[in-house]
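Accompanying notes for the structure given below.
Residue indices begin at 1 and follow the sequence shown.
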Amino acid sequence: MLQSIFHYSMHFLAIGIIAYFFDKKTWKQNWIILAVTMLVDIDHIFASPFFDPNRCGIGFHPLHSQIAIICYILGAVFFKKGIFKLIFIGLCFHMLTDFIDCLWTFSKCGDCYENSALKQLISNSM
């Protein structure tokens, strides 16, 4: 339960801090933009089962893949300040939040890591 509270707090509350530091004058609009980036989870509809509490989404879902994450990082780095930069920052933060959730899950379930797409992604990268 604590893991879920932490995960969703990161997705919806912590983005307020990012929104505020991105532009203090328009932080509410920025929070909405960052919240909308949570729609990246639309790729979960292609998973079976739709929700698996022991599954790590990083490397498993198409919009959580290595190539997608690289694109999000590049967008956050190379776009100048503006809505697109904020969107890519939101996507990067989403992936970081999901990665932390994966680590938390793996700390409780060793088999979950052994069978994860993230382990395969790490193994192929080395």
### Task
Return yes if some donor-acceptor pair links the side-chain N/O of Trp31 with the main-chain N/O of Ile18 below 3.5 Å, else return no.
no
#### Entry: CD on Gln66 to CD1 on Ile122, rounded to 0.5 Å
10.0 Å
### Query
Does any donor atom in the side chain of His61 or Asp41 lie under 3.5 Å from an acceptor atom in the other side chain?
no
### Task
Treating Ile, Leu, Val, Met, Phe, Trp and Tyr as nodes and any side-chain heavy-atom pair under 4.5 angstrom as an edge, say whether Ile89 and Leu13 lie in one connected cluster.
no
Name each donor-acceptor pair under 3.5 Å that joins a side chain in residues 68-78 to protein atoms two or more places apart or in another chain, with its distance.
from: Tyr72; atom 1: OH; to: Leu63; atom 2: O; distance (Å): 2.8

### Message
For Lys81 versus Phe22, what's the shortest heavy-atom pair and its separation?
### Response
NZ-O, 2.7 Å
### Query
For Ile5, what are the other residues in its hydrophobic cluster, where any two members join if their side-chain heavy atoms are less than 4.5 angstrom apart?
Met1
### Message
For His7 and Asp98: C-alpha separation, side-chain torsions, deciding distance, then whether side chain to side chain contact (heavy atoms under 4.5 Å, CB included) applies.
### Response
CA-CA 8 Å; His7 183 83; Asp98 284 3; 3.0 Å; yes
### Message
Can you give me the closest heavy-atom contact between Arg55 and Phe50, atom names plus distance?
### Response
NH2-O, 3.2 Å
### Query
Partners of Cys109 by disulfide bond (SG atoms under 2.5 Å apart), sequence neighbours excluded?
Cys112
### Task
Look up atom CG in Asp52 and atom OG1 in Thr105, then write down how far apart they are to the nearest 0.5 Å.
9.5 Å
### Query
Can you tell me how far CG of Asn115 sits from CD of Gln120, rounded to the nearest 0.5 angstrom?
11.0 Å
### Task
Identify whether Phe60 and Ile45 are in the same connected component of the hydrophobic contact network (ILVMFWY, side-chain heavy atoms under 4.5 Å).
no
### Query
Is there a side chain to side chain contact (heavy atoms under 4.5 Å, CB included) between Phe93 and Leu34 once you walk through the steps?
CA-CA 9 Å; Phe93 188 75; Leu34 289 169; over 6 Å; no
### Message
Do Phe106 and Ser116 have side chains that approach each other closer than 4.5 Å (heavy atoms only, starting at C-beta)?
### Response
yes
### Task
Name the orientation class of the two ring planes belonging to His44 and His64 (parallel below 30°, tilted from 30 to 60°, perpendicular beyond 60°).
perpendicular
### Task
Taking atom NZ of Lys108 as the centre, report whether more than 12 heavy atoms of other residues, nucleotides or ligands fall under 6.0 Å from it.
yes
## Note on the structure
Smallest heavy-atom separation, Trp27 atom then Tyr20 atom, equals CB-CA, 3.6 Å
### Task
Answer with yes or no after comparing the ring centroid distance for Trp104 and Phe6 against a 6.0 Å cut-off, counting only values under it.
yes
### Which atom of Gly57 lies closest to which atom of Cys102, heavy atoms considered
N-SG, 4.0 Å
### Task
List in chain and number order the residues that pass disulfide bond (SG atoms under 2.5 Å apart) with Cys92, two or more places apart in sequence or in another chain; answer none if no residue qualifies.
none
### Query
Going through the distances and angles, do Ile15 and His94 end up as a side chain to side chain contact (heavy atoms under 4.5 Å, CB included)?
CA-CA 9 Å; Ile15 61 173; His94 182 100; over 6 Å; no
### Task
Evaluate side chain to side chain contact (heavy atoms under 4.5 Å, CB included) for Thr26 paired with Gln29, printing each intermediate quantity in order.
CA-CA 6 Å; Thr26 60; Gln29 294 89 335; 3.8 Å; yes
#### Entry: With Lys85 via salt bridge (charged side-chain N to carboxylate O under 4.0 Å, His left out) - residues at least two apart
none
#### Entry: Qualifying residues under side chain to side chain contact (heavy atoms under 4.5 Å, CB included), relative to Ile17, sequence neighbours excluded
Phe21
### Query
Does one hydrophobic cluster hold both Ile67 and Leu96, with members joined at side-chain heavy-atom distances below 4.5 Å?
no
### Over all atoms of both residues, closest heavy-atom pair of Thr37 and Leu91
O-CD2, 3.8 Å
